[in-house]
Amino acid sequence: MTTVIILSDTHTRNDITTKILKSNSYDIAIHAGDYECDLNYMMKNFDYFVKGNNDFDSQVSEQYFEIEGLKFYLQHGHLLGTYSDLDNDEYMEKIADNLNVDVIIHGHTHVTKITHLENNKYIINPGSTWLPRGSSKPSYLILSINNGKIVFETKLVMDL
């Protein structure tokens with residue numbers, strides 16, 4: 001089993017990010033962009049991360065990787081479409097099909113959302129750790145992957 005922690009839209013708040021990372025047990029750490037901090041901090045603390053629309057360093061904008069045989073695509077979201085596109089399950093399913101991936105991880109909207117599509121693909125957004133929008137609360141996600149099956153747990157920053 002592999003445990004993955006996923007954050008996004010931390011927007012300069014390394015104090016919160018560090019607290020989250022120290023308070024959880026995980027194998028792989030992922031950040032979906034808009035970290036707005038020193039690139040060295042990101043390289044030290046995250047296995048996979050991409051720059052968002054508020055990050056102006058030399059980091060890549062997208063990454064493909066595999067975990068336990070599942071294909072992942074990581075992108076902040078601002079290059080995938082509009083806020084409403086990112087919230088549209090049919091639109092995102094087409095992107096997942098076109099990219100030939102099992103899981104798309106994005107941020108950008110600051111709204112926590114986990115979508116299990118009919119074709120057994122997932123679109124996940126961990127929300128924002130301190131600037132949530134809509135009815136979301138400051139959050140991040142924990143994924144447990146075991147033999148190709150994914151279990152999600154939404155964690156609230158206020159519960160740390």
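The side-chain contact (heavy atoms from CB on, under 4.5 Å) test with H76 is passed by exactly one of I105, D55, D9: D9. Exactly one residue among D27, I150, I28 makes a side-chain contact (heavy atoms from CB on, under 4.5 Å) with I145. That residue is I150.
Tracing side-chain contacts under 4.5 Å through hydrophobic residues (I, L, V, M, F, W, Y), one never reaches F65 starting from M42; they form parts of separate clusters. Note on V60 and Y41: separate hydrophobic clusters, where clusters join Ile, Leu, Val, Met, Phe, Trp and Tyr whose side-chain heavy atoms are under 4.5 Å apart, directly or indirectly. By the criterion of side-chain heavy atoms lying less than 4.5 angstrom apart, applied directly or through intervening Ile, Leu, Val, Met, Phe, Trp or Tyr residues, V151 is not grouped with L70; the two fall into different hydrophobic clusters. Note on V50: it does not cluster hydrophobically with V101, by side-chain heavy-atom contacts below 4.5 Å among ILVMFWY residues. No single ILVMFWY cluster, assembled from side-chain heavy atoms under 4.5 Å apart, contains both Y83 and L131.
Between the side chains of E68 and N147, no donor-acceptor pair is found at a separation under 3.5 Å. In this model, a donor atom of one side chain and an acceptor atom of the other lie less than 3.5 Å apart for S139 and T112. No side-chain N or O of D102 forms a donor-acceptor pair with one of Y73 less than 3.5 Å apart. Looking at N14 and T17, their side chains never bring a donor and an acceptor atom within 3.5 Å of each other.
Taking the side chain as every heavy atom from C-beta outward, N98 and I95 never approach each other to under 4.5 Å. Taking the side chain as every heavy atom from C-beta outward, L74 and E62 never approach each other to under 4.5 Å. A 4.5 Å side-chain heavy-atom check between L143 and L141 finds at least one atom pair inside the cut-off. Counting heavy atoms from C-beta on, the side chains of I104 and F72 never come closer than 4.5 Å. Using a 4.5 Å heavy-atom cutoff, the side chains of L86 and H106 are in contact.
To the nearest 0.5 Å, atoms CD1 (I142) and CG (N24) are separated by 4.0 Å. Between I124 atom CD1 and I30 atom CD1 the span is 7.5 Å, to the nearest 0.5 Å. Note that the CD1 atom of I123 and the CG atom of N125 stand 10.5 Å from one another [nearest 0.5 Å]. With values rounded to the nearest 0.5 angstrom, D57 atom CG is found 4.5 Å from L39 atom CG. Rounding to the nearest 0.5 Å gives a distance of 4.0 Å between CG of N54 and CG of D34. Taking OG of S23 as the start and NZ of K155 as the end, the distance is 9.0 Å to the nearest 0.5 Å.
Looking at every heavy atom in both residues, S144 comes nearest to T3 through OG-OG1, 4.3 Å. What you find for A32 and G107 is that their closest heavy atoms are CB-N, 3.9 Å. Among all heavy-atom pairs drawn from M92 and D85, the shortest one is CG-O, 3.6 Å. When all heavy atoms of Y91 and N88 are compared, the closest pair comes out as N-OD1, 2.9 Å. Across H108 and S8, no two heavy atoms sit closer than the pair N-OG, 4.2 Å. Closest of all the heavy-atom pairs between Y140 and I6 is CB-O, 3.3 Å.
The backbone N or O of E93 sits nowhere less than 3.5 Å from a side-chain atom of K121 that would complete a donor-acceptor pair. A donor-acceptor pair under 3.5 Å is absent between the side-chain atoms of D97 and the main chain of K94, judged by distance alone. Put simply, the side chain of W130 gets close to the backbone of T10: a donor and an acceptor are under 3.5 Å apart. Between the side chain of T115 and the backbone N or O of L117, no donor-acceptor pair lies under 3.5 Å.
In this structure, the ring of F49 has its center less than 6.0 angstrom from the ring center of Y35.
By the side chain to side chain donor-acceptor pair (under 3.5 Å) test, K113 pairs with D87, D89, sequence neighbours left out. Residues satisfying the ring-ring contact (aromatic ring centres under 6.0 Å, His included) criterion with F152, sequence neighbours excluded, are Y122.
Other residues, nucleotides and ligands contribute only 12 or fewer heavy atoms inside 6.0 Å of the CD atom of E118.
Residue M158 is found in a hydrophobic cluster whose other members, listed by chain and number, are L156; membership requires side-chain heavy atoms under 4.5 Å apart, directly or through intermediates.
Aromatic ring orientation, H11 versus H110: tilted (interplanar angle from 30° to 60°).
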